[in-house]
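Chain identifiers are assigned alphabetically (A, B, ...) following the order of the sequence lines, protein sequences preceding nucleic acid strands; residue numbering begins at 1 within each chain. Every value quoted in this text rests on a predicted model; they were computed, and no experiment measured them.
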Number of protein chains: 2
Amino acid sequence: MQKVCNRRLVQKLCKSEIGLKAVQIVCKLFRHFWPADSPPTPHRRHTHGNILARKAFTISIPSEENVRQVDYFGLVSGRTVDKFAATKLTPVRSDHVDAPYVKEFSLIVECKLAHVIELGLHTQFVGEVMDVKAEDSVMAKGGLLEIAKIKPLVFAPDTQAYYGIGHFVGQAFSVGKGI
Amino acid sequence: MQKVCNRRLVQKLCKSEIGLKAVQIVCKLFRHFWPADSPPTPHRRHTHGNILARKAFTISIPSEENVRQVDYFGLVSGRTVDKFAATKLTPVRSDHVDAPYVKEFSLIVECKLAHVIELGLHTQFVGEVMDVKAEDSVMAKGGLLEIAKIKPLVFAPDTQAYYGIGHFVGQAFSVGKGI
């Protein structure tokens, strides 16, 4: 597990804005796929109470091969089932916050709870990123995270289906220059 | 353009929680790909002032074939360039809020500004979904949105690249039942 950036680095990146945005987007794209620690969360969920009590959560990004484990996490409640034991996944104590992450997953984001926004039946939790860690196997040259190697799941809510990441379409801040 | 759900329907869906979550996830997955009206937004952006002034924004979801236009929107500022004219896209007056949507894009979400959260250099805007509209061409049987037909872009922030949606991996709330 390689340290991608710690809080200090995140703060430094924030000054250029691009770094913060990158981290934020990673969180947004993926935070639905590890229900144990991901916002937004219905009030009735066990997770909801955990985040408020610990004032922290982690985002552990699974890959396509974890799809059965990910789905299982959405099917049962942590109140009645030890999800880690049932899925043969390993909880690891975080370095910076009071919430576990998943050892077997390739990309980890540790967050301190920063804002709590009530949205009716759901609560939106906004976290301050304290640390980002990634396996060497999902890094591209130059220490960048390579989404094609992470192979995250995309959830299609209407048809309730999981999809993979597809083909490269274009380079950002570049492909539009011809207009 | 077919009406997927109006505010009343969204509220009804909220009672089952699943509906609200579906709409929320759609917003989260895609709101980065139409910078003109999408949160979170750096303070310096023209968009930032527009959202605060109108207390509204829309999320217009482009497809892979719009990648050059989408990228162009991130390269220039609405302060100095008429982005709609340059990209040959058509602004349409929304039915429920004071913000335009993009006629050529297949999925439209109209939002009333509900919460404004300051996150340092960025502001997080949370909207109440007032209306969702979709082209017939992106609907599956039963009036469901079909992500494989929408063909949204996935942005990989670290490598600054756009990807498509890949293959079907599994059925949610089902594939994990065997564990």
Side-chain angles (χ1 to χ4, degrees), chain A residues 14-15 17 20-26 28-29 31-32 40 42 64 67-75 86-87 114-115 117 119-122 124 126 140 144-148 153-179, chain B residues 14-15 17 20-26 28-29 31-32 40 42 64 67-75 86-87 114-115 117 119-122 124 126 140 144-148 153-179:
Chain A
C14 290
K15 291 177 183 168
E17 295 197 19
L20 177 63
K21 196 161 186 183
V23 173
Q24 286 179 335
I25 293 171
V26 166
K28 269 166 210 140
L29 280 175
R31 66 183 171 192
H32 288 283
E64 288 181 24
V67 65
R68 291 182 63 235
Q69 293 157 312
V70 168
D71 197 52
Y72 180 81
F73 267 74
L75 287 169
T87 53
H115 298 277
I117 307 123
L119 301 173
L121 289 176
H122 285 67
Q124 173 102 27
V126 178
L144 300 177
L145 293 168
E146 179 76 78
I147 198 169
L153 293 164
V154 176
F155 180 53
D158 246 24
T159 55
Q160 300 199 339
Y162 302 105
Y163 285 80
I165 296 294
H167 63 284
F168 173 85
V169 177
Q171 196 63 42
F173 308 111
S174 172
V175 70
K177 283 182 181 169
I179 288 181
Chain B
C14 290
K15 290 177 185 169
E17 296 198 19
L20 176 63
K21 197 162 186 183
V23 173
Q24 286 177 335
I25 293 171
V26 167
K28 268 168 212 138
L29 282 175
R31 66 183 170 193
H32 289 281
E64 289 180 25
V67 65
R68 292 182 63 235
Q69 293 157 312
V70 169
D71 196 52
Y72 180 81
F73 267 72
L75 287 169
T87 53
H115 298 276
I117 307 123
L119 302 174
L121 290 175
H122 286 66
Q124 174 102 28
V126 177
L144 300 177
L145 294 168
E146 180 75 78
I147 198 169
L153 293 164
V154 176
F155 180 54
D158 248 22
T159 54
Q160 301 198 338
Y162 302 106
Y163 285 81
I165 296 295
H167 62 284
F168 173 84
V169 177
Q171 196 62 42
F173 308 110
S174 171
V175 71
K177 283 182 181 170
I179 288 182

Could you tell me whether the side chain of Q171(B) and the main chain of Q160(A) form a donor-acceptor pair under 3.5 Å?
yes
N/O donor-acceptor pair under 3.5 Å between D158(B) side chain and L144(A) backbone: no
d(L75(A) CG, K177(B) NZ) to nearest 0.5 Å is 6.5 Å
Which atom pair, heavy atoms only, marks the closest approach of [X] to [Y]?
X	Y	value
E146(B)	T159(A)	OE2-CG2, 4.2 Å
V175(B)	Y162(A)	CG1-CE1, 4.2 Å
I147(B)	A156(A)	CG2-CB, 3.6 Å
A161(A)	F168(B)	CB-CE1, 3.5 Å
G176(A)	Y72(B)	O-CD1, 3.6 Å
Y163(B)	I165(A)	CB-CG2, 3.8 Å

If one checks every heavy atom of H115(A) against chain B at 4.5 Å, the contacting part turns out to be side chain
